[in-house]
Amino acid sequence: MMDEAAADLTNDASTDYPLLELVRQYGRADSHYLMGAVGSAAVKSFIGFADVFLIGIAIDALFNDQPLALPLLPDAWIPTATEPLLTLVFVGTLVIAVNAVTVFGGALAEFSFGVFAQRILHRIRVHAFDAAQHRRLDYFDAHRTGDVMSALNDDINQLESFFAVLISATVWIVVTLVAAIVYMSVLNWQLAVFVLLSGPFIAVLNSWFSRRIEPLQDGVRRERGALNALLETSLDGIGVVKAFTGEAHEYDRVESASRDHVRARFRSRRLAVRQAPLNRLVAGMWLLATLAIGVYWILVGPPVLFTGSLTTGELVPFLFYMERITLPLKNLSGVIDGYTSAKAAAKRIDGVTDGESEGECEIADDTSNSGFAVENSHVCFENVTFHYSNGAQPAIESVSFAVESGETVGVVGATGAGKSTAVKLLLGLYDSDDGTITIDGEDIRNVPVRCLRSAIGYVNQDAFLFNDTVRYNIAYGADGAVSDEQVREAARLAGVHDDITELLRGYDTEVGERGTSLSGGQRQRIAIARAVVDDPEILILDEATSHVDTKTERIIQDQLSDLVADRTTCVIAHRLSTVRTADRILVLDDGEIVERGTHEELLEYDGTYATLWNVQIGIADASTA
Ligand code: ADP
């Protein structure tokens, strides 16, 4: 079921050539490393073929009385046929020089590919993370966090082998094949044509394999994403798993997801392992046929369709070259396998960074409106309607209200009435389907999210804390750019300063993963301190007191008048006592505002609010309760 619900990142990719796109986008600044690497790898592979060619020429000069004919070298340098020892030393020196160039070129290529790979990976990783964190929240509703993490982690690591090894292997294969054709044509073009006839067979064979392997690789990646997501949710909810002794159930789920992953991997490998032997078979048959033709040609004369002469010094290097092509051909399947994996990985990364999916990106900071600053903090909702992408009913429908500067508005209603949704729309976490939300008269769609959110202090019931010190968590509300005094002041305002000073290391106490070393009430008040540390113009408390003990609630309640002073405040509360003193109270039901007014007015109206109030203070008649 999870698999169906989660949109596949691969399908989000916006390009059919994701690897090329990645190099184009992120590799430009280091293209000199890439070109240097490709150039030295090509020179290395091409020059590396000269050794056997030289040996062939030496054989003909020493045993077949032919002149030492070396292209590109001046005749004056070349020893004559009457000096066999000199010929041997001369050719030997050239072979050593060829090997030296090969070794040096190889080292240079490896170094440059390595530098290029690390630099481009760094850029891709950082950019992909940033793109992911700037997605609107509906993106994370539609994609499992495990999938996104796997793209940012596994898939980027997968690309390392592509940039560091596979490109170089591809250059090696291509240049080796080209070099072999060039050297073979120089030796004997007719035999070279015969060898080239094997090309179409091998090409058809390999493209057949790669077409079939690619979708299997996508399958492997999908299963791995599912496994990652499962591991993450199981460990995330480890407390619940233990409390309900769900270990055996979790084990079964992980076991089954792991088995699916193994199966998918097996399917793709099973096909891939057949590729190399088949290539080898075709190449081996061609080598045997060439040997037979060559030997017949030297001993008897040109076979049918061939003309001219062939010497031993030509045939021997020729056979060597054919043998040398088989190694790259043998590696071809591995390279294609690696290339399809890398392509699938790149597609998923593209799905995170550029893909066209429902979760569009948020408004960037550098829009023309970046100078916008909230001053009066006058908030207005006009006929706002919003559906979650996976929800059938609108979560809020035709909601209109205005909050004047400095006013405190309470929002109440049953669970699921749409209270949090309204707040998330105001924060720009989601974009409304219809209607407009304005701050100081400006549509928030035109306000960069950074300006918008820095003007709003937001506390929700989760009170998520980062695994760092208390000070870090409070200062986070102002990008860390606040003095210790401001941190303490915010803590005092949130009524948590005394609790913090009683901790073992005060403000330097580590709060543990998600703040587990603190009580729920302390966490909640630290979250409030974080929201007010940079003195925001607007404060939103979203059920900030719903899950705390009554003592903590009283502390927060006592602090509330200080917290809301001079601020536009929106308090969402389950307990109506929290919003009793608000300037205005909105009652939401099924996504619509059904009542509005002060506490007294609403009691007098004797509608939904009055009923809820009576239930909460315990004077409702038994049949209603
Ligand atoms: P409240 O804060 O009043 O409890 P919410 O605003 O959280 O209500 O939810 C309003 C409606 O939207 C509910 O029906 C809820 O199930 C639905 N909803 C909330 N969050 C999501 C989400 N991320 N994806 C889909 N539906 C959601």
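Positions are given from 1, in the same order as the sequence printed here. Start at 1 and go down the list; that is how both ligands and their atoms are numbered.
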* Non-hydrogen atoms of V352 and A128 that approach each other most closely ->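 Closest approach of V352 to A128: CG1-O, 3.8 Å.
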* Heavy-atom distances under 4.0 Å are what count here, so tell me which part of A414 touches ligand 1: side chain, backbone, both or neither. =>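 Just the backbone.
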* With a 4.0 Å heavy-atom cut-off (strictly under), which part of Y430 contacts ligand 1: side chain, backbone, both or neither? ->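 Side chain only.
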* Return the orientation label for the Y472 and F466 ring planes: parallel under 30°, perpendicular over 60°, tilted otherwise. =>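 Ring orientation of Y472 relative to F466: perpendicular.
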* Could you check if a side-chain atom of R221 sits within less than 4.5 angstrom of a side-chain atom of Q158, using non-hydrogen atoms only? =>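 A side-chain contact exists here, since the closest heavy-atom pair is under 4.5 Å.
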* Asked: Do the side chains of R596 and V587 get nearer than 4.5 Å, heavy atoms only?
  ->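 Side-chain contact under 4.5 Å: no.
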* Any protein heavy atom lying closer than 4.0 Å to atom 25 (C) of ligand 1? ->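 It does; a protein heavy atom is within 4.0 Å.
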* **Heavy-atom protein contact below 4.0 Å for atom 16 (O) of ligand 1** =>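 Under 4.0 Å from atom 16 (O) of ligand 1, zero protein heavy atoms found.
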* Asked: Is E543 in polar range of ligand 1, meaning some N or O pair under 3.5 Å apart?
  ->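 Looking only at distances, the answer is no, because the N/O contact criterion of under 3.5 Å is not met.
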* Does an N or O from T421, backbone or side chain, lie closer than 3.5 Å to an N or O of ligand 1? ->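 N/O-N/O distance below 3.5 Å exists for this pair.
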* Asked: At a 4.0 Å cut-off, with the gap strictly under it, does some heavy atom of G418 reach an atom of ligand 1?
  ->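 G418 counts as a contact of ligand 1 under the 4.0 Å cut-off.
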* Using the side-chain contact (heavy atoms from CB on, under 4.5 Å) rule, take D589 and T608 through it: C-alpha gap first, then chi angles, then the decisive distance, then the call. => CA-CA 9 Å; D589 189 25; T608 314; 5.7 Å; no
* Pick from H122, H127, R125: which one makes a side-chain hydrogen bond (donor to acceptor under 3.5 Å, both in side chains) with Y26? ->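 Between Y26 and the candidates, side-chain hydrogen bond (donor to acceptor under 3.5 Å, both in side chains) is satisfied uniquely by H127.
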